[in-house]
Amino acid sequence: MAVRAVQRRSLVEQATSELQRLLASGEWPVGSRVPGELALSKQLGVSRPTAREAMRALVAIGQLETRHGVGTVVVSATPLPALEQSLRRAAIAEVYEVRAGLEVEAAKLAARRRTAEDVERIRAALAKRDAAASPVALVEADLEFHTAVVAAAHNDVLSEVFGSFLGALRSAANDLVADAGLRTRAELEDSDGAHRALADAIADGDVDAAAAATERNVHTTLERLRAES
């Protein structure tokens with residue numbers, strides 16, 4: 001029998017394993033809130049970024065869930081089976097399919113109907129998005145930006161539909177930033193150019209450019225989700 005070389009595990013992998021052990025043992029029961037990053041890093045004896053990455057790894061496999069205004073809570077004592085993880089990504093893809101339809105139309109209308117106040121609001125939301133220091137803050141700033149774009153369309157029905165859809169968007173976006181393929185700020189910034197292009201197109205009244213920027217933003221993520229589900 002061939003002897004396999006001993007693999008050295010990273011601190012993130014070790015921290016993730018320890019968290020999984022605690023979840024499996026019932027130390028943190030389903031529905032409970034886990035300690036924050038700072039407290040957790042002290043308990044585990046690792047840096048705060050390491051604790052953060054370990055928590056995100058467990059969010060990605062369905063054991064933890066980040067809830068805005070609440071924190072990170074336990075949703076499963078064991079990892080989701082691979083099929084369930086695939087179905088979760090498929091569900092997010094469905095949310096993004098609806099999002100694409102809504103936001104492309106909103107962008108085109110916004111380019112035609114925007115006011116100076118609308119442009120100012122969109123620019124302010126974009127600046128907040130650029131300055132976001134954490135994935136959760138980035139999600140909230142991103143939603144604020146897209147809400148400002150929809151408002152600039154000056155269509156009450158569209159605004160109402162988008163508003164009712166915000167909860168699903170927030171949940172899907174939080175799942176995305178926690179997923180293994182989108183866990184770093186650098187990767188999340190891939191779509192920032194499209195956001196700036198959208199803001200510029202609306203300010204310039206360029207309907208075609210506004211639609212193209214929105215499609216580039218939403219469809220890039222959508223194609224990744226379809227490929228992984």
Side-chain angles (χ1 to χ4, degrees), residues 56 66 68-69 89 92-179 181-227:
R56 288 178 183 170
T66 301
H68 182 63
R89 287 192 294 271
I92 298 173
E94 290 182 358
V95 171
Y96 268 73
E97 286 174 347
V98 176
R99 178 178 189 174
L102 285 174
E103 294 197 27
V104 169
E105 185 61 28
K108 292 191 292 186
L109 291 174
R112 294 190 184 103
R113 301 173 178 176
R114 82 279 182 265
T115 65
E117 291 76 15
D118 291 327
V119 173
E120 183 177 350
R121 182 184 176 195
I122 290 170
R123 297 284 193 200
L126 180 62
K128 185 181 294 187
R129 188 184 189 281
D130 289 342
S134 70
V136 172
L138 180 58
V139 167
E140 292 305 312
D142 184 70
L143 291 177
E144 183 176 332
F145 173 82
H146 290 287
T147 299
V149 170
V150 172
H154 294 280
N155 181 305
D156 291 340
V157 175
L158 184 58
S159 292
E160 185 174 348
V161 172
F162 187 80
S164 67
F165 195 54
L166 273 178
L169 281 181
R170 179 174 286 107
S171 177
N174 278 318
D175 281 346
L176 276 178
V177 299
D179 212 355
L182 289 170
R183 278 171 28 195
T184 66
R185 173 72 201 191
E187 287 173 311
L188 287 168
E189 285 177 342
D190 284 347
S191 67
D192 282 7
H195 287 80
R196 282 190 287 273
L198 175 57
D200 290 342
I202 291 173
D204 295 340
D206 191 330
V207 175
D208 292 338
T214 303
E215 288 177 349
R216 188 163 79 250
N217 173 31
V218 179
H219 284 288
T220 297
T221 303
L222 184 54
E223 289 307 311
R224 179 184 299 207
L225 287 168
R226 285 170 174 164

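Heads up: numbering here begins at 1 and tracks the sequence.
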Side-chain donor or acceptor of R114 paired with backbone N/O of A203 under 3.5 Å
yes
Under 4.0 Å between a side-chain nitrogen and a carboxylate oxygen: does that hold for D130 and R196?
yes
Under 3.5 Å donor-acceptor pairs involving side-chain atoms of residues 119-128, not counting sequence neighbours:
residue : atom : partner : partner atom : Å
R123    : NH1  : D200    : OD1          : 2.7
R123    : NH2  : D200    : OD1          : 3.0
K128    : NZ   : E144    : OE1          : 3.1
K128    : NZ   : E144    : OE2          : 3.3

Enter the distance from L143:CG to F162:CZ here, rounded to the nearest 0.5 Å.
6.5 Å
Taking side-chain contact (heavy atoms from CB on, under 4.5 Å) as the test, write out the residues that go with A110, two or more places apart.
V149, A152, I202
Considering non-hydrogen atoms only, spot the tightest contact between T115 and H154 and give its length.
CG2-NE2, 4.1 Å
Inter-residue atom distance E103.CD - N217.CG, 0.5 Å rounding:
7.0 Å
Could you pull out the closest heavy-atom pair between A210 and L198, with the gap in Å?
O-CD1, 3.5 Å
Would S159 and D156 count as having a side-chain donor-acceptor pair, cut-off 3.5 Å?
no
H146 NE2 to T214 OG1 distance, which is reported to the nearest 0.5 Å:
7.5 Å
All heavy atoms of A211 vs all of K108, minimum pair found to be CB-CG, 3.7 Å
Taking atom types as modelled, find out whether H195 and D142 have a side-chain donor-acceptor pair closer than 3.5 angstrom.
yes
